[in-house]
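Inspection log for the structure reproduced underneath, given as structure tokens.
Remember, predicted model here, so these are calculated numbers, not experimental data. Each ligand, and each atom within it, is numbered from 1 in the order the structure gives.
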Amino acid sequence: MDLKTPVAKLNFIGTAYEKRLKKLEIKTIYDLIYHFPFRYEDYSQFTLIAQSTLDQPVCLQGEILAIQNIYTKNRKHLTKAVVADSSGQIEVVWFNQPFLSKTLKAGYRVNLAGKTELFNHQKVLLSPEYEILKDKETIHTGRIVPIYPETYGISSKWLRSRIAPLLKSAILQIEDFLPQDILQKYELLALEKALCQIHFPENLTLAKKARERLAFDELFLLQLANLKRRLEWQSFKLKTPFLINQDDVLQFISSLPFNLTQAQKRCIKEILGDLEKPTPMNRLLEGDVGSGKTVVAACAVFIAFKNGFQSAFMAPTEILAEQHFNNLNQILGLLGMKIVLLTGSKKPKNKDPFDLVVGTHALISKKSSFENLSLVVIDEQHRFGVEQRALLSEKGNTPHVLTMTATPIPRTLALTLYGDLDLSVLDEMPEGRLKVKTFVVPPQKRAAAYVWIEKQIRESNFKQQAFVICPFIEESESMQTVKAATVEFEKLQKTIFPGLLLGLLHGKLKSKEKNATLERFRQQKNHILVATPVVEVGIDVPSATIIVVEGADRFGLAQLHQLRGRVGRGKIQSYCFLFSESRSYHTIKRLKAMETENSGIKLAEIDLRLRGPGEIFGAKQHGIPSLKVAALNDLELIHKTKLAASEIFQKDPLLVQNPGISDKLNTTIVQIQQPN
Ligand code: ADP
Ligand code: MG
């Protein structure tokens with residue numbers, strides 16, 4: 001038995017528990033050991049019974065004088081005990097646990113941890129944790145007690161009882177993968193000690209030290225993995241580096257119907273700089289929705305074409321692929337390029353050679369052949385895993401890769417997460433864009449907002465349209481999300497906007513239906529499009545000027561910002577209404593940032609401070625690793641781990657002298673980086 005052993009092999013875990021644990025993403029013993037408490041209850045000090053005060057958590061130690069089960073008039077089951085210590089006695093009450101009178105008997109010495117409350121006008125200890133005192137060390141009482149993320153059927157108590165013996169058993173053989181000098185230099189606890197102390201700390205200082213050590217591990221490994229990947233990437237050599245002819249660049253730029261922003265020019269320059277090098281580009285282009293990433297990528301595609309190479313442009317959904325296909329055709333078709341579309345449902349009609357293929361995943365899953373693919377552009381990078389990226393690269397010979405994202409990742413975060421990529425940021429919007437006027441709408445103003453929206457649509461003579469985004473229920477587009485959207489759609493159509501025509505868009509529609517729905521909206525045959533949060537990823541309908549987000553408090557600010565980017569694309573003033581039922585001052589204050597702040601990166605930074613990175617982006621959806629302990633907003637730790645990682649890497653890039661680290665990288669980083 002070792003850390004990789006599935007939990008089901010442990011003799012106390014049957015299939016029922018296996019399933020429940022899966023909900024907590026615990027599959028192996030490793031996962032169980034690495035399921036960390038998110039807080040502690042401090043029961044390390046015993047209180048004398050006579051000194052216990054109402055409504056305070058206390059831990060008492062005493063002897064059971066009497067215990068019995070009682071049925072109340074309304075057939076509830078109570079277990080009542082009287083417990084005494086040197087200072088006095090107290091009644092203890094548990095509900096619906098009749099078996100307790102079998103476990104706990106008069107004469108036993110026990111620890112009890114819980115709250116004293118008034119029950120039938122009497123001070124009692126209500127439903128406390130209990131632990132019989134034998135020679136064993138206590139784990140639920142009389143110490144600092146860990147409280148874990150739980151799920152139905154898996155309580156913190158259950159987890160404690162399972163994790164404690166595992167930590168004690170020698171079978172685990174937790175060896176420290178960090179070398180001694182790093183441990184010393186950064187004043188880190190040894191791994192085994194850290195694991196023991198994070199679960200069952202002797203004191204809160206040690207709990208903190210334990211957390212620091214484990215957070216160090218996460219960021220250290222992440223950064224080391226990036227260094228390794230960067231080195232791997234740089235070991236690829238191109239057969240023929242591009243020649244950049246300034247005339248070609250000028251031809252491209254002058255063919256555009258607008259002037260490039262300074263930021264676009266800078267990013268193009270950075271990209272062209274990469275294309276000239278003998279090693280393939282691996283760059284991330286980050287820019288708010290509407291900042292004009294497509295045209296920057298198109299310039300690189302054009303230069304590839306001028307060098308006699310093919311490019312591929314990959315989008316996360318069919319809708320987006322088609323949109324890109326049409327847009328790129330307009331820009332690049334004019335310049336003599338042959339462009340084809342390849343998605344699950346659309347394939348090029350003939351086998352004629354092409355210069356650019358635009359498509360979805362189908363690009364990699366189907367047997368598409370590329371003669372001389374040399375540039376791959378990936379839009380909305382978070383939808384693709386590292387592996388898919390590699391697969392597509394295999395189709396050409398180590399092509400240049402440009403990844404684009406509208407996820408406003410603050411720079412430090414981007415450099416930590418994607419340290420293997422070079423970063424270009426489009427931090428400027430094209431001129432003449434109007435700010436989207438944004439309002440947080442409390443429940444009592446909802447009706448008025450609906451009236452205003454209908455009026456706005458009618459007064460524009462149905463030229464303006466609206467999106468209604470349904471609440472974000474789960475990470476993935478589950479049936480539950482779809483159901484909620486359908487209910488919302490019917491309610492709006494029947495009772496709120498009976499005089500308007502509404503459409504419904506969600507991820508479970510067949511792609512034909514999706515396209516038809518979107519096309520109806522685009523042609524203004526529908527006035528309002530009700531949608532699940534899928535529209536987040538870049539639908540472009542310039543006549544849509546209003547967006548309503550239901551349950552706005554469930555979204556991160558960066559996500560809201562991306563949703564808001566669906567409107568304000570044309571010349572007309574646009575509006576965003578954030579509906580929230582929340583009465584929490586902090587929640588409303590957080591949402592209000594949307595009213596004044598207009599930069600995605602700034603909003604992301606606010607959320608990074610307030611809620612941590614996982615919350616900001618809907619971590620999984622955006623491929624942001626869900627680190628268990630490390631705070632990605634902890635700049636000092638990021639800095640320290642970066643230093644440590646590059647120290648190791650410079651001395652030993654292939655990690656031959658550090659097999660422990662190498663092992664750990666292979667087993668954990670893959671999981672972190674690849675949530676799908
Ligand atoms: P995103 O960064 O969200 O992918 P797009 O590339 O789709 O943004 O660009 C949004 C819109 O802005 C497109 O209609 C595009 O033609 C237009 N656009 C891009 N750059 C400029 C510019 N410099 N000036 C004016 N419009 C621009
Ligand atoms: Mg885009």
Using a strict cut-off of 4.0 Å, indicate which atoms of ligand 1 neighbour a heavy atom of [X].
X	answer
G292	1 (P), 2 (O), 5 (P), 6 (O), 8 (O), 9 (O), 19 (C)
N259	22 (C), 23 (N), 24 (N)
T261	23 (N)
L260	23 (N)

Would you say [X] contacts ligand 1, with heavy atoms under 4.0 Å as the rule?
X	answer
D288	yes
A406	no
G287	no

Is the distance from the ring center of Y450 to that of F577 below 6.0 Å? no

Does I378 form a side chain to side chain contact (heavy atoms under 4.5 Å, CB included) with M404? I'd like the steps, not just the answer. CA-CA 6 Å; I378 302 173; M404 306 199 289; over 6 Å; no

Backbone or side-chain N or O of F258 under 3.5 Å from ligand 1 N or O: no

Atom 13 (C) of ligand 1: protein heavy atom closer than 4.0 Å?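 Under the 4.0 Å cut-off, atom 13 (C) of ligand 1 has no protein heavy-atom neighbours at all.
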
Can you confirm whether something in the protein, heavy atoms only, sits under 4.0 Å from atom 2 (O) of ligand 1?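 Neighbour list for atom 2 (O) of ligand 1 includes protein heavy atoms (cut-off 4.0 Å).
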
Students often mix this up, so state it plainly: with edges at 30° and 60°, are the rings of F242 and H400 parallel, tilted or perpendicular? perpendicular

Any chance NZ of K602 has more than 12 other-residue heavy atoms, nucleotides or ligands included, within less than 6.0 Å?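 Counting neighbours around NZ of K602, 12 or fewer heavy atoms of other residues, nucleotides or ligands fall under 6.0 Å, so no.
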
